[in-house]
Amino acid sequence: QVQLVESGGGLVQAGGSLRLSCAVSGRTVSDYAFGWFRQAPGREHEFVAAISRNGLVTFYEDSVTGRFTVSKDNAENTVSLQMHSLKPEDTAVYYCAARVPSSVSYYFTTRDDYHHWGQGTQVTVSS
């Protein structure tokens, strides 16, 4: 059974950067497609970014396009979300999610598409 553990969250000023990491155990990252979601207080889970099983296809929510980058590191068995130019509205708990896809190039953007979730890491952006 795959397990996901996020880290790297924290408090940062607007305009700053953070790099979130999702450590994968039990299976290898090359077996899965991954997504990052976030949930702000009082709001629903929101899709942020996705990466295909082969790591060649990525997709981003409009508000983070050009600021966030999702990547896989097969050697470290991790998935990362590099975040630049952070804004107060990026404040949320960020979650890593995984699923085994039917194609190596597929990515997924809804919560129900994913079968495995981490516990989340808090990101707070001050103005």
Side-chain angles (χ1 to χ4, degrees):
Q1 180 76 358
V2 66
Q3 292 184 324
L4 311 176
V5 178
E6 301 93 335
S7 62
L11 174 64
V12 63
Q13 289 188 331
S17 299
L18 280 175
R19 185 178 181 87
L20 304 184
S21 182
C22 176
V24 180
S25 61
R27 297 287 295 272
T28 63
V29 295
S30 59
D31 291 335
Y32 291 87
F34 290 85
W36 285 93
F37 291 76
R38 64 188 180 188
Q39 186 173 27
R43 299 188 63 176
E44 297 288 328
H45 271 83
E46 176 187 31
F47 166 77
V48 176
I51 187 166
S52 62
R53 177 176 171 181
N54 62 11
L56 299 180
V57 184
T58 58
F59 186 76
Y60 300 91
E61 193 269 331
D62 287 346
S63 70
V64 309
T65 298
R67 300 189 298 124
F68 290 11
T69 302
V70 60
S71 61
K72 300 174 77 177
D73 187 328
N74 290 340
E76 295 292 327
N77 217 40
T78 59
V79 180
S80 297
L81 183 68
Q82 179 67 55
M83 307 186 294
H84 295 299
S85 303
L86 283 162
K87 305 174 181 180
E89 51 263 44
D90 294 319
T91 296
V93 178
Y94 283 71
Y95 297 89
C96 174
R99 68 160 287 160
V100 177
S102 55
S103 168
V104 297
S105 62
Y106 285 179
Y107 62 86
F108 305 89
T109 62
T110 65
R111 286 193 65 193
D112 290 344
D113 288 327
Y114 290 93
H115 306 143
H116 310 282
W117 291 82
Q119 83 291 345
T121 185
Q122 176 71 48
V123 171
T124 303
V125 184
S126 63
S127 57

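When reading the values below, keep in mind they use all heavy atoms of this one structure, side chains included, and skip hydrogens, waters and symmetry mates. What you are looking at is a predicted structure, and each value in this text was computed from that prediction instead of being measured.
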**Report entry** Hydrophobic cluster membership, Val48 vs Val12, 4.5 Å side-chain cutoff
**Finding:** yes
Query raised in the report: Under the salt bridge (Lys or Arg N to Asp or Glu O under 4.0 Å) rule, what pairs show up with a residue in residues 59-76, not counting sequence neighbours?
Result: Arg67-Asp90
Report task. Indicate the atoms forming the closest heavy-atom contact of Val70 with Tyr60, along with that distance. Result -> N-OH, 2.9 Å
Query - NE2 on His115 to CD on Gln1, rounded to 0.5 Å - result: 11.0 Å
Query raised in the report: Below 4.5 Å, heavy atoms only, C-beta onward: do Thr109 and Phe37 meet side chain to side chain?
Result: no
**Report entry** Pairs touching residues 4-108 that satisfy disulfide (SG to SG under 2.5 Å), sequence neighbours left out
**Finding:** Cys22-Cys96
Query raised in the report: Going by the salt bridge (Lys or Arg N to Asp or Glu O under 4.0 Å) test, which pairs reach into residues 5-28, not counting sequence neighbours?
Result: Arg27-Asp31
Report task. Please list all pairs passing the salt bridge (Lys or Arg N to Asp or Glu O under 4.0 Å) test where one or both residues lie in residues 111-127, with sequence neighbours left out. Result -> none
Requested in this report: Mind jotting down which residue pairs meet the ring pair (Phe, Tyr, Trp, His ring centres under 6.0 Å) criterion with at least one end in residues 83-104? Sequence neighbours excluded, please.
Outcome: His45-Tyr95
**Report entry** Gln122 atom CD: more than 12 heavy-atom contacts under 6.0 Å
**Finding:** yes
Query raised in the report: Do you know which two heavy atoms are closest between Leu81 and Ala49, and how far apart they sit?
Result: CD1-CB, 4.1 Å
Report task. With the side chain counted from C-beta on, respond yes when Val125 and Met83 share a heavy-atom pair under 4.5 Å apart, and no when they do not. Result -> no
Query - Joint hydrophobic cluster, Val2 plus Val100, side-chain heavy atoms closer than 4.5 Å - result: yes
Requested in this report: Report the distance from atom CG of Leu56 to atom OG of Ser105, rounding to the nearest 0.5 Å.
Outcome: 8.5 Å
Query - Summary of disulfide (SG to SG under 2.5 Å) pairs that have at least one residue in residues 24-88, sequence neighbours excluded - result: none
Query raised in the report: Are Phe108 and Phe59 connected in a single hydrophobic cluster, I mean Ile/Leu/Val/Met/Phe/Trp/Tyr linked by side-chain heavy atoms less than 4.5 Å apart?
Result: yes
Report summary line: For Ala40 and Ala92 the tightest heavy-atom approach is N-CB, 3.8 Å
Report task. Pick out which of Asn74, Asn54, Val24, Val104 makes a side-chain contact (heavy atoms from CB on, under 4.5 Å) with Ser30. Result -> Asn74
Query - Contacts of type side-chain contact (heavy atoms from CB on, under 4.5 Å), residue Ala50, not counting sequence neighbours - result: Phe47, Tyr107, Tyr114
Query - Residue pairs, two or more places apart or on separate chains, that pass ring pair (Phe, Tyr, Trp, His ring centres under 6.0 Å) and touch residues 11-33 - result: Tyr32-His116
Report summary line: Residues passing the side-chain contact (heavy atoms from CB on, under 4.5 Å) test with Leu11, sequence neighbours excluded, are Thr124, Ser126
**Report entry** Thr58: partners by side chain to side chain donor-acceptor pair (under 3.5 Å), with sequence neighbours left out
**Finding:** none
Report task. May I have all residue pairs that pass disulfide (SG to SG under 2.5 Å) and include part of residues 98-127, sequence neighbours excluded? Result -> none
Query raised in the report: OG1/Thr121 to CH2/Trp36 distance, rounded to the nearest 0.5 angstrom?
Result: 8.0 Å
Report summary line: When every non-hydrogen atom of Pro101 is compared with those of Tyr106, the smallest separation belongs to CB-CB, 4.4 Å
Requested in this report: Scan for disulfide (SG to SG under 2.5 Å) pairs involving residues 55-89, sequence neighbours excluded, and state none if there are none.
Outcome: none
